[in-house]
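These notes are about the structure you will find just below.
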Protein chains: 2
Amino acid sequence: MKQAHPLVTRDEEQELALKLFVVLSRAHSAVARITEADIARHGFSPGEFAILEALYHRGPLLLGEVQRKILVASGGVTYLVDRLVAQGLVERQDCPNDRRARFAALTPRGEALLASIFPAHAEAVERAAAGLSPEEKRKAIALLRKLGLAAAE
Amino acid sequence: MKQAHPLVTRDEEQELALKLFVVLSRAHSAVARITEADIARHGFSPGEFAILEALYHRGPLLLGEVQRKILVASGGVTYLVDRLVAQGLVERQDCPNDRRARFAALTPRGEALLASIFPAHAEAVERAAAGLSPEEKRKAIALLRKLGLAAAE
DNA sequence: CTGTTTCATTTCAGCACTAAGATTACGACC
DNA sequence: GGTCGTAATCTTAGTGCTGAAATGAAACAG
């Protein structure tokens, strides 16, 4: 299909890949450090907050959907949802069509909490990403999406 | 200084930042999943391998330098170096100028091991990054570096 | 010197999460 | 309508790492 890029040797290609991996890791960890500090202010772990955010924006989700969305191991979903249930922010609901499956959904209290803390969180994310202009953000989004989709096969 | 970008509203800016954060997280985790699977083949955790790699490419490093390079908590360096010392791959060396500080350095066995496994690891990273052309990799590297440096303050 | 502050590393307790296996339920096919 | 493969969730034991406090050493002020 696509011929190897003729002006780039294998070694240069490999060096680019290694460099890309380094800056990707460092950028992610620098940005995550900021957003996670904001999350920690409210006493949540990253995984807990990821679930709250997913349910807040998409409504009730099957636990398996939650797992795919937030990328944790199967046991992790159970663990995290249990903790949020214990805080009264999330509840499990039986799935009418499939007795194996269950929904996770925000309780009214969880809904209210997220409505109150999400705007400030979005601003923290905005500050963390403030190093790029809107054009640059758009380019970075397109490139990262392409990279991520290819790496996920 | 730089005027707010006049064609982009606050809400659009925030949405871009949130989207960027999502694709950054997903790209990182997709790529890391591939490289960590390769690392696990040799029985190392990501942190252990990061230390081996740093010492392999830069030679002996002070433990504090290792910490900054691989971005772990202070206790993490001690823990990880201890494990590598127990496997005979790394050794601690006293620092002549400062009795508080210590170097970590590869042993001959660690050096030989890395020489034997690093090429295949580099190829795994190359495959993980194969979704982008060399031009795209260069653009992504520049953008991610800018983003990462700004987020790290 | 002496005291205080700062720095490099280690110790230790604890936590967020993983991975493997168990459980229960669906679905399709004889 | 049993059987078999597969899917969704939960259980459990364990791990890789964090964060705070402790240790010991340097640096600097007075």
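- Remark: Glu135(A) pairs with Arg138(A) by the salt bridge (charged side-chain N to carboxylate O under 4.0 Å, His left out) rule, at least two apart or across chains.
- Judged as a side-chain hydrogen bond (donor to acceptor under 3.5 Å, both in side chains), the pairs with a partner in residues 61-82 of chain A (not counting sequence neighbours) are, in order, Tyr79(A)-Arg83(A), Asp82(A)-Arg92(A).
- The stretch residues 54-92 of chain B touches DNA chain D through Val72(B), Ala73(B), Ser74(B), Gly75(B), Gly76(B), Tyr79(B), Leu80(B), Arg83(B), each having a heavy atom within less than 4.0 Å of the strand.
- Distance check: Ser133(A) OG to Lys139(A) NZ gives 7.5 Å after rounding to the nearest 0.5 Å.
- Identified under the salt bridge (charged side-chain N to carboxylate O under 4.0 Å, His left out) test for residues 15-24 of chain A, with sequence neighbours left out: none.
- Using cut-offs of 30° and 60° for the angle between ring planes, the His57(B) and Phe118(B) rings count as perpendicular.
- Within the model, atoms CG of Leu147(A) and NE2 of His28(B) stand 11.0 Å from one another, a figure rounded to the nearest 0.5 Å.
- Contacts classified as side-chain hydrogen bond (donor to acceptor under 3.5 Å, both in side chains) and involving residues 111-123 of chain A (residues at least two apart or in different chains) are given here: Asp38(A)-His121(A).
- Through chains of ILVMFWY side-chain contacts below 4.5 Å, Leu62(B) is grouped with Phe103(B).
- In terms of the salt bridge (charged side-chain N to carboxylate O under 4.0 Å, His left out) criterion, Arg58(B) has no residue partners (sequence neighbours excluded).
- Over its length, the helix from dC1(C)-dG30(D) to dC30(C)-dG1(D) turns its helix axis by 20°, as judged from the five terminal pairs at each end, rounded to 10°.
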Can you give me the N/O atom pairs linking the protein to nucleotides 24-26 of chain C at distances under 3.5 Å, or say none if there are none?
from: dC26(C); atom 1: OP1; to: Arg99(A); atom 2: N; distance (Å): 3.0
from: dC26(C); atom 1: OP1; to: Arg99(A); atom 2: NE; distance (Å): 3.4
from: dC26(C); atom 1: OP2; to: Arg99(A); atom 2: NH2; distance (Å): 3.1

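- Scanning for side chain to side chain contact (heavy atoms under 4.5 Å, CB included) contacts around Ala17(B) gives Val125(A), Glu126(A), Ala129(A), Lys137(A), with sequence neighbours left out.
- Taken residue by residue, residues 26-53 of chain A places heavy atoms nearer than 4.0 Å to DNA chain C at Ser45(A), Gly47(A).
- For His42(B), there are no ring pair (Phe, Tyr, Trp, His ring centres under 6.0 Å) partners at least two apart in sequence or on another chain.
- Listed here is the closest heavy atom pair of Glu136(B) and Leu132(B): OE1-CA, 3.4 Å.
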